[in-house]
Amino acid sequence: MNTVLITGACINTGVAIVEKFASEGWNVVFTGRNREKVRISEKNYQEQFADVKIIGYPIVSLVDERTIDEKAVSELFSYLDSKGIFIDTLVLNAADQGLGIKALENPITDFMRVINTNMVWNYCMCEHAVRRMKENGGGNIIFINSNTAYRAIPDRIAYSASKSGQLGMMRAMALDLGKYNVRVNAVLPGMIKTDRWDNNPDFYNNVPSRYTPLGDVAVGEDVADAAWYFAAHAKNTTGAELVVDGGNMIQLYPIINK
Ligand SMILES: NC(=O)c1ccc[n+]([C@@H]2O[C@H](COP(=O)([O-])OP(=O)(O)OC[C@H]3O[C@@H](n4cnc5c(N)ncnc54)[C@H](OP(=O)(O)O)[C@@H]3O)[C@@H](O)[C@H]2O)c1
């Protein structure tokens, strides 16, 4: 049976990705930084999907401003080895959104934290996963990226830079890992409805990304379906980007119907 590892999957989009893979009969390992939240999510998922194995793994220390915690990643994969669990698909969903970082105002360490989380920590996760994939005949890596890798939004320099860098990393990894039958691809969502949406209705009811050709933003399930496509269907696809933004990125300017 296939097993997927999904990062940052106690809330929002990560939950939809867990639910998609589990409902398709895959075993799921997921991570989160809060032990209690991971424990509760694991229990809920196990009740919801009794036919598959679901393991929540708290990975409390990811990064500090100057480095990442590779030991914690190594311990995660050693733990999975000890249980005989092979991760054939890695979905890198967790991200530092880099909110509140103003150009030229914040300490440089804020910028470094976002790059470290979204690029270096993800690279480290790939390294440990791919070592096992190579030994087991191949695998899949899926980055949950963002259309902000291409199109900037205000006050998100670190986030946009990290997502653009992540795409470069994705393509270079796809090139190097094809010979091991490891496919590496990215989903590029636009705005996704999350709990932030409910908490800030005034902001989200007026964000420009509502004005897309398809007229609305994505829900977690749309992103999960795209990740599932790469994992289960796109057998001859690597280094690819699948944009899930209702057509937002193709516009020269948003069409606002009065
Ligand atoms: N929401 C959007 O509108 C949108 C748009 C485009 C792309 N995306 C991308 O889609 C993915 C999911 O988005 P989302 O909005 O559902 O994510 P989210 O709710 O902001 O965060 C997802 C998970 O990432 C983990 N996380 C948050 N900050 C972190 C940090 N500093 N270091 C490590 N882990 C951290 C959290 O897990 P724990 O707190 O449990 O550790 C959280 O549950 C992300 O990669 C995001 O960049 C989102």
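Numbering starts at 1 and runs along the sequence shown. Read the numbers this way: they start at 1 and go in the same order the structure lists the ligands and their atoms.
Note on ligand 1: Lys37 sits outside its first shell, no heavy atom being nearer than 4.0 Å. The shortest separation from a heavy atom of Ile144 to ligand 1 is under 4.0 Å, placing the residue in contact.
Looking at every heavy atom in both residues, Asp88 comes nearest to Trp26 through OD1-CZ3, 3.7 Å. Shown here for Ala22 and Val52, the closest heavy-atom pair between the two residues is O-CG1, 3.9 Å.
Scanning Gly32, Gly98, Pro189, Ala95 for the heavy atom closest to atom 29 (C) of ligand 1 points to Ala95.
With no hydrogens or angles considered, a side-chain donor-acceptor pair links Glu241 and Tyr150 at under 3.5 Å.
Of all the heavy atoms of Gln97, the ones lying under 4.0 Å from any atom of ligand 1 belong exclusively to the side chain. Contacts of Arg113 with ligand 1, taken as heavy-atom pairs under 4.0 Å, are absent altogether.
Two residues are said to be in side-chain contact when any heavy atoms from C-beta on lie closer than 4.5 Å; Ile40 and Asn44 meet this criterion.
Annotation for ligand 1: atoms under 4.0 Å from non-hydrogen atoms of Gly190 are 3 (O), 4 (C), 5 (C), 6 (C).
Considering both main-chain and side-chain atoms, Ala9 never comes within under 3.5 Å of ligand 1 through any nitrogen or oxygen pair.
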Derivation and outcome, side chain to side chain contact (heavy atoms under 4.5 Å, CB included), residues Ile142 and Asn93: CA-CA 8 Å; Ile142 300 157; Asn93 169 72; over 6 Å; no

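If you check which protein heavy atom lies closest to atom 1 (N) of ligand 1, you get Arg196 NH2, 3.2 Å.
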